[in-house]
Engineer: 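The structure under discussion is supplied below as structure tokens; questions concerning it will follow.
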Number of protein chains: 2
Amino acid sequence: MTERTPTEAARDIPEATVARLPVYLRALTSLAEAGTATCSSEELATAAGVNSAKLRKDLSHLGSYGTRGVGYDVEYLRYQIAREIGVTQDWPVVIVGIGNLGHALANFSGFRSRGFRVVALLDADPSRHAEQVAGVDVRPFSDLAAIVAEHGVAIGVISTPAHAAQDVADAMVSAGIRSILNFAPAVLSVPQGVDVRKVDLSIELQILAYHEQRKGPAGLDGRLEAPA
Amino acid sequence: MTERTPTEAARDIPEATVARLPVYLRALTSLAEAGTATCSSEELATAAGVNSAKLRKDLSHLGSYGTRGVGYDVEYLRYQIAREIGVTQDWPVVIVGIGNLGHALANFSGFRSRGFRVVALLDADPSRHAEQVAGVDVRPFSDLAAIVAEHGVAIGVISTPAHAAQDVADAMVSAGIRSILNFAPAVLSVPQGVDVRKVDLSIELQILAYHEQRKGPAGLDGRLEAPA
DNA sequence: GCCGGTTTGTTCTCGCGTTCACAAACTTCT
DNA sequence: AGAAGTTTGTGAACGCGAGAACAAACCGGC
């Protein structure tokens with residue numbers, strides 16, 4: 001079931017580690033731009049905002065890319081992580097729902113610079129089809145299947161209102177998309193084998209509000225004060 | 001250290017549970033709008049996309065708000081969760097960095113409808129100070145401290161480019177903000193007692209790419225095929 | 001070639017979160 | 001009132017992830 005060929009990557013990387021690899025990648029890119037050729041786990045961990053032991057354990061899942069007594073070669077490690085994540089190749093992406101957030105996503109440079117290429121912007125509202133956003137035409141939602149087939153799109157982004165999200169997800173799945181990034185505040189149901197990650201802005205704020213509420217009404221200098 | 005007054009909320013809710021409470025809240029609001037007066041843990045769990053046992057354990061941390069053999073009163077439970085999170089009160093919020101994403105956030109209706117009120121939009125670029133977004137003036141970044149003091153702002157949102165994020169965070173902290181939602185792809189360092197949550201769009205896509213890469217080149221029908 | 005200093009990779013332990021399974025409690029029907 | 005049927009709340013087992021601590025490996029000097 002979870003077996004692979006022994007020659008190919010038989011290792012499976014823990015989910016928590018996978019979520020941190022992009023952070024390491026960014027830190028390494030930053031170090032490389034600063035001209036650093038080599039770094040220790042301690043330095044890299046600081047740059048990534050994590051514990052050095054955790055960093056080493058994470059990296060050990062990819063292989064032994066460091067040198068004891070020396071550290072890691074920045075450029076080499078950067079490439080290895082990028083390859084492991086899969087961002088050395090080009091990922092075509094479609095964005096559905098070109099409202100405020102869709103606009104922002106289409107213009108977001110961080111996608112392009114990390115191997116993601118927005119091949120199409122789709123919206124059900126015909127009044128938007130005249131627009132061009134970030135150099136890409138906004139096209140009718142009904143073109144989804146054709147676009148996915150043409151470009152081999154595997155990743156879809158949903159930035160529609162909540163009530164439309166499930167329909168969009170269904171259409172994406174039947175068009176062959178197997179990974180969805182969902183910004184709509186709705187729970188999506190998809191068949192097995194399809195990955196969904198959700199980003200919910202208001203949930204993040206609510207989590208902050210919860211902790212804020214418990215910190216006390218208004219710490220004069222910020223520390224929790226003993227109650228009488 | 002972690003002790004509180006026994007009369008006040010002595011319970012501390014696990015972080016994983018806190019992260020799900022807003023999801024339950026949304027599901028309950030949805031049920032209430034559909035006219036449902038009562039629901040079982042099974043129904044609510046389905047609506048929220050989680051396991052029913054997990055839901056019950058989560059809710060048990062808030063108290064015993066259900067009735068055995070019956071279920072939960074939708075409106076009553078909705079209020080209890082809202083109160084626990086703190087969204088029954090009004091939270092003034094400032095957004096710093098009014099680029100594409102800042103625009104989208106300022107216009108996002110999900111904030112207003114959940115007890116968050118955008119009291120100010122700030123940007124360091126003077127050319128933006130003429131604008132008005134979502135009925136709120138864009139003001140100079142240097143006004144931060146005054147605005148925070150005037151409105152009692154406790155929560156700040158950073159939607160600037162990465163290179164500006166740390167400076168903004170520092171300014172927020174010294175202005176008295178203790179909770180930060182960071183959209184900039186940068187690791188923020190803040191003093192103890194200040195909460196930071198980060199939302200990184202490209203990281204989410206990279207995580208999807210990793211899993212997509214491992215699913216195989218192009219599953220004809222979606223399932224993983226045995227390699228020779 | 002050997003020794004001291006440095007840094008990685010790994011082992012071990014601990015705590016948190018998830019899930020199962022079941023007793024307690026409530027409703028309804030007879 | 002009692003029994004049958006539901007549904008909640010919780011005790012217990014299990015697995016994953018975090019962090020500390022240490023052995024293995026590498027570099028440089030003598």
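Note on naming: letters A, B, ... go to the chains in the order of the sequence lines (proteins, then strands), and numbering restarts at 1 for each one. What's counted below: heavy atoms across the whole structure, side chains too, no hydrogens, waters or symmetry copies. Every value quoted in this text rests on a predicted model; they were computed, and no experiment measured them.
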Engineer: Are side-chain N/O atoms of A/Y210 and A/R214 paired as donor and acceptor at under 3.5 Å?
Structural biologist: yes
Engineer: Return yes if some donor-acceptor pair links the side-chain N/O of B/E43 with the main-chain N/O of B/S40 below 3.5 Å, else return no.
Structural biologist: yes
Engineer: Shoot me the first and last contacting nucleotide of DNA chain C against chain A, ordered 5' to 3', at under 4.0 angstrom to non-hydrogen atoms.
Structural biologist: C/dT6 to C/dC12
Engineer: Can you confirm whether A/L101 sits close enough to B/F108 that some side-chain heavy atom of one is under 4.5 Å from a side-chain heavy atom of the other?
Structural biologist: no
Engineer: Return all side-chain donor-acceptor pairs below 3.5 angstrom for residues 154-168 of chain B, not counting sequence neighbours, or 'none' if the list is empty.
Structural biologist:
residue, atom, partner, partner atom, Å
B/S159, OG, B/V96, O, 3.3
B/S159, OG, B/G97, O, 2.6
B/Q166, OE1, B/S189, N, 3.0
B/Q166, NE2, B/D170, OD1, 2.9
B/Q166, NE2, B/S189, O, 3.0

Engineer: Any side-chain heavy atom of B/D58 within less than 4.5 Å of one from B/V50?
Structural biologist: no
Engineer: Pick the nucleotide of DNA chain C nearest each of A/K57 and A/V70; which residue has the one closer to the 5' end?
Structural biologist: A/V70
Engineer: Does the side chain of B/V93 reach to within under 4.5 Å of the side chain of B/F111, using non-hydrogen atoms?
Structural biologist: no
Engineer: Could you check whether any side-chain heavy atom of B/Q213 comes within less than 4.5 Å of a side-chain heavy atom of A/I85, counting everything from C-beta outward?
Structural biologist: no
Engineer: Taking the nucleotide of DNA chain D with the closest heavy atom to each, which residue, A/D58 or B/Y72, is nearer the 5' end?
Structural biologist: B/Y72
Engineer: Report yes if some heavy atom in the side chain of A/R78 is under 4.5 Å from a heavy atom in the side chain of A/L25; otherwise report no.
Structural biologist: yes
Engineer: Touch check for A/E42, heavy atoms < 4.0 angstrom, all strands: base, sugar-phosphate only, or nothing?
Structural biologist: nothing
Engineer: Between which nucleotides of DNA chain D, read 5' to 3', does contact with chain B run, using atoms under 4.0 Å from its heavy atoms?
Structural biologist: D/dT6 to D/dA12
